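What follows is a short report on a single structure.
Each chain gets a letter, A, B and so on, in the order the sequences are listed, and its residues count up from 1. Bear in mind the structure is a predicted one, so any value in this text is a computation, not a measurement.
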Amino acid sequence: MDFKPIDRSYFNQPTLYLAESLLGKLLVKETEEGTTAGWIVETEAYKGPKDRAAHSFGNRRTKRTEVMFGPAGYIYTYVMHTHCLVNIVSGELDKPEAVLIRAVEPCMGIDLMYERRGLNKKKVELTNGPGKLTKAMGITNEDYGLPSFHPPLFIAEGRMSVNIEIGTRIGIENSGEAKDYLWRFWEKHNAFVSK
DNA sequence: ATGGAGATCGACT
DNA sequence: GTCGATCTCCATA
């Protein structure tokens with residue numbers, strides 16, 4: 001099976017719409033070891049200057065946040081403790097916004113995911129969290145700044161997502177009023193959504 | 001130069 | 001439920 005990257009113009013939509021629209025799309029990563037792909041089942045929006053939980057809060061522009069000020073559709077990776085998290089940049093030029101991919105459901109390359117995560121893991125443990133899916137798919141800081149509409153790391157058409165649920169984001173308790181924003185989207189009843 | 005903090009995970013109690 | 005791991009970036013001095 002071969003995947004076709006989505007058209008670049010797809011990313012030119014408001015961040016909250018993009019975050020919801022990404023549900024059901026495929027995230028594909030090609031490496032020398034093989035290709036892995038997963039349906040996106042959980043996302044979170046991070047909206048630039050006004051969002052206390054975003055790295056780009058107050059238009060903070062550093063080496064790390066730089067890519068978020070660029071055009072939409074590029075990859076923003078970020079290292080958290082021992083883990084790597086993956087985002088898609090959105091918003092217009094100079095609007096530092098992004099969508100965090102929190103969970104995917106394995107679609108292709110599942111053997112490879114087991115190899116990377118550990119053969120003794122349950123299937124649901126492969127990709128049901130932002131740090132887990134990057135490890136399963138071999139996504140690292142090396143992917144920072146790459147386009148997400150072109151191999152080796154890209155978004156492709158997937159399946160229709162129904163029963164979308166909306167709620168507050170996770171892991172940002174100390175971010176003031178921002179913690180109450182309903183900027184998290186997920187597929188209801190999908191086992192791969194993080195808890 | 002140095003220290004602190006963070007969009008997490010897994011092991012252990 | 002708590003805690004330790006052990007990274008990179010950024011703010012201080």
Side-chain angles (χ1 to χ4, degrees), chain A residues 14-16 18-20 22-23 27 29 36 38 40-70 72-91 95-106 113-146 148 153 155 165-187 191-195:
Chain A
T15 299
L16 291 177
L18 181 66
E20 180 167 348
L22 277 169
L23 294 176
L27 178 66
K29 175 70 196 277
T36 51
I40 297 170
V41 298
E42 184 180 4
T43 61
E44 282 180 4
Y46 285 85
K47 300 217 329 165
K50 297 208 181 91
D51 182 2
R52 194 171 294 277
H55 297 148
S56 51
F57 175 65
N59 273 318
R60 197 158 56 108
R61 186 165 190 158
T62 64
K63 202 186 332 175
R64 187 178 68 173
T65 61
E66 182 63 33
V67 69
M68 282 199 279
F69 289 83
Y74 286 81
I75 299 294
Y76 170 45
T77 55
Y78 163 63
V79 175
M80 174 60 169
H81 289 265
T82 58
H83 304 277
C84 182
L85 280 58
V86 64
N87 305 247
I88 311 283
V89 173
S90 73
K95 300 281 194 299
E97 306 183 353
V99 177
L100 168 68
I101 298 177
R102 285 195 57 88
V104 305
E105 176 179 342
M113 291 188 187
Y114 271 109
E115 274 177 46
R116 287 168 171 156
R117 293 275 301 133
L119 298 174
N120 52 341
K121 289 278 191 304
K122 283 184 278 199
K123 184 175 179 187
V124 107
E125 301 285 322
L126 291 177
T127 56
N128 67 338
K132 301 180 193 178
L133 76 93
T134 53
K135 185 165 184 198
M137 299 187 67
I139 296 169
T140 69
N141 248 4
E142 307 269 302
D143 298 310
Y144 179 95
L146 294 183
S148 65
L153 178 55
I155 300 295
E165 201 151 24
I166 300 173
T168 56
R169 293 175 292 177
I170 291 181
I172 54 168
E173 285 306 306
N174 54 355
S175 299
E177 72 287 349
K179 74 181 193 312
D180 298 322
Y181 299 164
L182 301 179
W183 287 355
R184 174 168 170 254
F185 305 85
W186 68 94
E187 278 190 10
F192 292 88
V193 172
S194 69
K195 295 295 173 285

- Considering only heavy atoms from C-beta outward, does the side chain of A:Asp143 approach that of A:Lys29 to under 4.5 Å? yes
- Query: Do A:Tyr46 and A:Thr15 come close enough that some side-chain heavy atom pair is under 4.5 Å?
  - Reply: no
- List the atom of A:Arg184, the atom of A:Thr168, and the distance in Å for their closest heavy-atom pair. CD-O, 3.3 Å
- Hunt down the Watson-Crick or G-U wobble partner of C:dT6, both distances under 3.5 Å, from any strand shown, or write none. none
- Note on the structure: Using Watson-Crick geometry (N1-N3 plus N6-O4 or O6-N4) or G-U wobble (N1-O2, O6-N3), each under 3.5 Å, B:dT2 is paired with C:dA11
- Test: A:Arg52 cationic atom under 6.0 Å from A:Tyr181 six-membered ring centre, within 45° of axis: no
- A:Phe57 atom CZ is separated from C:dA11 atom P, nearest whole Å, by 14 Å
- Task: Quickly work out the A:Glu142 CD to C:dT8 P distance and round it to whole Å.
- Result: 11 Å
- Query: Are A:Lys179 and A:Glu173 ion-paired here, with the side-chain N under 4.0 Å from a carboxylate O?
  - Reply: no
- Backbone N/O of A:Arg60 and side chain of A:Thr65: donor-acceptor pair under 3.5 Å: yes
- Which letters describe nucleotides 7-13 of chain B, given B = protein heavy atom under 4.0 Å from base, S = only from sugar-phosphate, - = neither? BBSS---
